[in-house]
**Student:** 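First, the structure itself, so that you have it in front of you.
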There are 2 protein chains.
Amino acid sequence: MPTGRRERKKAATRQKIADAALRLFLEQGYDAVGIRDVAAEADVAVTTLFSHFASKEALVFEQDEDFEQRLTRAVTDRAPHEPLIPALRHEIQALVRHCTADSVAPIWRMIDASPALRKYEESMRLRHAESLATAIAADPDLSVTPTAARAIARFVIDAYSLAREATDPQAAVGEIFQMIEAAWVVTCPSANSTGTARP
Amino acid sequence: MPTGRRERKKAATRQKIADAALRLFLEQGYDAVGIRDVAAEADVAVTTLFSHFASKEALVFEQDEDFEQRLTRAVTDRAPHEPLIPALRHEIQALVRHCTADSVAPIWRMIDASPALRKYEESMRLRHAESLATAIAADPDLSVTPTAARAIARFVIDAYSLAREATDPQAAVGEIFQMIEAAWVVTCPSANSTGTARP
DNA sequence: ACCGTAACACTAACCGTTAGGGTTTTGAAC
DNA sequence: GTTCAAAACCCTAACGGTTAGTGTTACGGT
């Protein structure tokens with residue numbers, strides 16, 4: 001039903017704001033740039049900015065819904081009888097690879113440098129873990145208690161978070177997922193071994 | 001060297017502020033009470049309040065250092081050759097029991113109701129996990145990689161957080177620690193089984 | 001052509017937090 | 001005791017993120 005021009009203009013405004021924000025943040029530092037600066041640079045009113053982004057921090061984590069969806073889809077969209085943990089490991093490996101790439105490295109350096117952004121990222125991760133837990137608990141092939149589903153979901157998010165900060169991110173993912181695999185196995189006594197290949 | 005009156009007066013002021021804050025928060029709700037209200041109720045200046053507490057949220061989590069110390073001491077002060085995970089499980093069980101007691105239940109209900117407080121608690125947990133990881137990595141009896149130590153520390157903190165929210169907190173601690181035990185075992189191939197007794 | 005409404009703008013404020021600068025209290029050295 | 005430095009406290013004013021209130025414009029469906 002919704003045709004097009006309005007939505008295109010809205011999306012353009014949102015993008016214009018996000019671009020302006022990221023540019024200023026990287027140029028001058030997150031804390032040195034005020035909301036009023038961003039709004040001026042994007043040529044919109046402050047209230048307009050806040051109608052597109054819930055907070056200053058949200059300007060940086062513009063596309064965090066992608067992250068959430070990729071994780072839940074790794075669970076829901078996997079092939080029938082494909083084991084859960086390797087699927088999640090694969091997805092986390094891809095996500096870690098993506099966020100340690102050179103092109104986005106300055107952004108993550110900025111995030112790590114700002115307490116406000118770190119805090120925001122942490123609370124985001126809680127949301128992600130809850131979504132992932134729901135997806136795991138909803139899978140009919142798996143019969144796990146709600147508590148076990150939540151625990152595994154947190155562990156997986158922890159793996160992402162820890163790997164990002166590790167000196168060798170890929171190796172850290174492997175190491176932590178070996179632990180997650182072991183934790184997973186004890187939740188379902190009838191489970192098959194799933195092979196956490198790491199030479 | 002530091003004798004006494006000054007410190008006693010300072011501690012008294014701090015306590016007066018914390019008491020006033022908690023009273024107002026529980027009466028009227030965290031978000032409905034402003035810093036200026038708390039300062040007025042405690043009969044101190046706003047700047048004085050902030051010289052005792054780093055933020056509004058810190059008024060609620062007044063004694064979070066206890067939590068951190070109890071966890072790290074559970075690692076450092078355990079008997080020689082006493083296995084790590086059961087010691088941690090025991091401590092977490094005590095902490096969960098404490099924070100689900102009726103006397104403090106309203107406080108935690110208030111925390112769960114306020115996004116700002118939840119966010120603050122989450123970032124606190126990260127600090128706690130980092131301290132715990134340091135304690136684990138520093139234990140000469142254990143030979144774990146830094147990554148494994150951090151992972152286990154996070155899992156333990158997750159256990160606390162998840163158990164608090166579970167319908168049966170004690171059972172949740174048991175369930176999650178079974179998983180942690182399994183994760184722990186794979187980090188040190190030469191480890192002994194430690195018996196996660198749960199009938 | 002018309003109307004409801006989504007998107008945007010402007011102003012003015014609220015609230016947590018901090019800087020700047022001053023006063024009193026305390027502990028200790030003399 | 002007197003004196004002195006520092007600690008603890010107070011006050012005012014502001015800064016920066018965020019929101020409410022109140023329009024105005026541009027779009028889309030009828």
Side-chain angles (χ1 to χ4, degrees), chain A residues 1-22 24-25 28-62 110-111 114-121 123-124, chain B residues 1-18 20-22 24-25 28-62 110-111 114-121 123:
Chain A
M1 295 81 204
T3 22
R5 178 143 57 212
R6 263 234 265 260
E7 300 193 341
R8 256 181 294 122
K9 283 202 173 183
K10 179 168 183 172
T13 300
R14 182 193 160 91
Q15 199 57 41
K16 191 171 56 171
I17 296 170
D19 290 349
L22 201 56
L24 292 184
F25 290 161
Q28 312 173 27
Y30 179 78
D31 294 315
V33 177
I35 283 288
R36 290 156 177 94
D37 300 328
V38 176
E41 176 84 1
D43 198 30
V44 296
V46 172
T47 47
T48 299
L49 186 155
F50 277 108
S51 79
H52 286 274
F53 298 92
S55 66
K56 186 186 182 187
E57 294 92 26
L59 287 166
V60 174
F61 297 96
E62 198 211 336
M110 175 183 79
I111 292 168
S114 160
L117 288 175
R118 291 183 73 93
K119 207 161 158 176
Y120 185 85
E121 195 210 344
S123 77
M124 256 181 33
Chain B
M1 294 79 195
T3 19
R5 179 142 58 214
R6 207 122 83 185
E7 300 192 343
R8 257 181 294 120
K9 284 204 172 186
K10 179 168 183 171
T13 301
R14 182 193 160 91
Q15 199 57 42
K16 192 170 55 170
I17 295 171
L22 201 55
L24 292 183
F25 289 161
Q28 311 174 26
Y30 179 79
D31 295 314
V33 178
I35 283 289
R36 290 157 180 91
D37 300 327
V38 176
E41 176 84 3
D43 199 31
V44 296
V46 173
T47 46
T48 301
L49 188 155
F50 277 109
S51 79
H52 286 273
F53 298 91
S55 67
K56 186 186 181 186
E57 294 93 29
L59 288 166
V60 174
F61 297 96
E62 199 212 336
M110 175 184 80
I111 293 167
S114 158
L117 288 175
R118 291 184 72 93
K119 206 161 157 176
Y120 185 85
E121 195 211 343
S123 76

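All of these numbers come straight from a predicted model, not from anything done at the bench. Chain letters run A, B, ... following the sequence lines, proteins first and then strands; every chain starts at 1.
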**Student:** Rounded to the nearest angstrom, tell me the gap between atom CG in Leu24(A) and atom C1' in dG16(D).
**Tutor:**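 Roughly 16 Å, once rounded to whole Å.
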
**Student:** Could you work out how much the helix from dA1(C)-dT30(D) to dC30(C)-dG1(D) bends, comparing the axis of its first five pairs with that of its last five, to 10°?
**Tutor:**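 The angle separating the two end axes equals 20°.
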
**Student:** With rounding to the nearest 0.5 Å, note down the distance linking CD in Glu41(B) to NZ in Lys16(B).
**Tutor:**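 NZ of Lys16(B) is found 11.0 Å from CD of Glu41(B).
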
**Student:** Locate the shortest heavy-atom distance separating Tyr120(B) from Ser55(B); write the atom from each residue and the value.
**Tutor:** CE1-OG, 3.8 Å

**Student:** Go through it in stages, so that I can follow the logic: the residues are Lys10(A) and His52(A), the test is side chain to side chain contact (heavy atoms under 4.5 Å, CB included), and I'd like the CA-CA distance, side-chain angles, deciding distance and then a yes or no.
**Tutor:** CA-CA 9 Å; Lys10(A) 179 168 183 172; His52(A) 286 274; 3.6 Å; yes

**Student:** Please evaluate residues Met110(B) and Val60(B) with respect to the criterion side chain to side chain contact (heavy atoms under 4.5 Å, CB included), reporting the C-alpha separation (whole Å), side-chain torsions for both, the decisive distance (0.1 Å), and the verdict.
**Tutor:** CA-CA 10 Å; Met110(B) 175 184 80; Val60(B) 174; 3.8 Å; yes

**Student:** Might you work through the side chain to side chain contact (heavy atoms under 4.5 Å, CB included) test for Leu59(B) and Phe25(B), ending with a clear yes or no?
**Tutor:** CA-CA 10 Å; Leu59(B) 288 166; Phe25(B) 289 161; 4.2 Å; yes

**Student:** State whether His52(B) places a side-chain N or O below 4.0 Å from either non-bridging phosphate oxygen (OP1 or OP2) of dA8(D).
**Tutor:** no

**Student:** Roughly how many Å is it from CZ in Phe53(A) to P in dT18(D), rounded to a whole number?
**Tutor:** 13 Å

**Student:** Hey, what do you get for CD1 (Ile17(A)) to CG (Leu22(A)), rounding to the nearest 0.5 Å?
**Tutor:**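 Interatomic distance, Ile17(A) CD1 to Leu22(A) CG, rounded to 0.5 Å: 13.5 Å.
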
**Student:** Give me, pair by pair, the N or O atoms of the protein and of nucleotides 16-20 of chain C that are less than 3.5 Å apart, along with how far apart they are.
**Tutor:**
| from | atom 1 | to | atom 2 | distance (Å) |
| --- | --- | --- | --- | --- |
| dG16(C) | OP1 | Lys56(B) | NZ | 2.9 |
| dG16(C) | OP2 | Ile35(B) | N | 2.9 |
| dG16(C) | N7 | Arg36(B) | NH1 | 3.1 |
| dG16(C) | N7 | Arg36(B) | NH2 | 3.4 |
| dG16(C) | O6 | Arg36(B) | NH2 | 3.4 |
| dT17(C) | OP2 | Lys56(B) | N | 2.7 |
| dT17(C) | O4 | Arg36(B) | NH2 | 3.1 |

**Student:** From the options dT25(C), dC27(D), dC9(D), select the nucleotide whose nearest atom is closest to the side chain of Arg6(A).
**Tutor:** dC27(D)

**Student:** Under 4.0 Å between a side-chain N/O of Thr13(A) and OP1 or OP2 of dC8(C), yes or no?
**Tutor:** yes

**Student:** Which nucleotide, dA8(D), dC11(D), dC27(D), lies nearest any side-chain atom of Lys10(B)?
**Tutor:**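 Closest nucleotide to the Lys10(B) side chain: dA8(D).
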
**Student:** Measure the distance from CZ on Arg5(B) to P on dA28(C) and round it to the nearest whole Å.
**Tutor:**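 These atoms are roughly 11 Å apart.
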
**Student:** What's the CG-C1' distance between Leu49(B) and dA8(D), to the nearest Å?
**Tutor:** 14 Å

**Student:** Can you tell me how far apart NZ (Lys56(B)) and CG (Asp31(B)) are? Round to the nearest 0.5 Å.
**Tutor:**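 These two atoms lie 6.0 Å from each other.
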
**Student:** Separation of Arg8(B) atom CZ from dT26(C) atom P, in whole Å?
**Tutor:** 10 Å

**Student:** Between atom CD in Glu7(B) and atom C1' in dA6(D), what is the gap in whole Å?
**Tutor:** 14 Å

**Student:** Atom CG of Asp43(B) to atom P of dC10(D): distance rounded to whole Å?
**Tutor:** 7 Å

**Student:** Is Thr48(A) close enough to dA7(C) that one of its side-chain N or O atoms is under 4.0 Å from OP1 or OP2 there?
**Tutor:** no

**Student:** In the structure I gave you, are the side-chain heavy atoms of Arg14(B) and Glu62(B) within less than 4.5 Å of one another anywhere?
**Tutor:** yes

**Student:** I'd like to know if the side chain of Ser114(B) reaches the main chain of Ile111(B), judged simply by a donor and an acceptor atom lying under 3.5 Å from each other, with no hydrogens or angles considered.
**Tutor:**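 A pair under 3.5 Å: no.
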
**Student:** Below 4.0 angstrom from OP1 or OP2 of dT26(C), is there any side-chain N or O of Lys9(B)?
**Tutor:**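 Affirmative; the distance criterion is met.
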
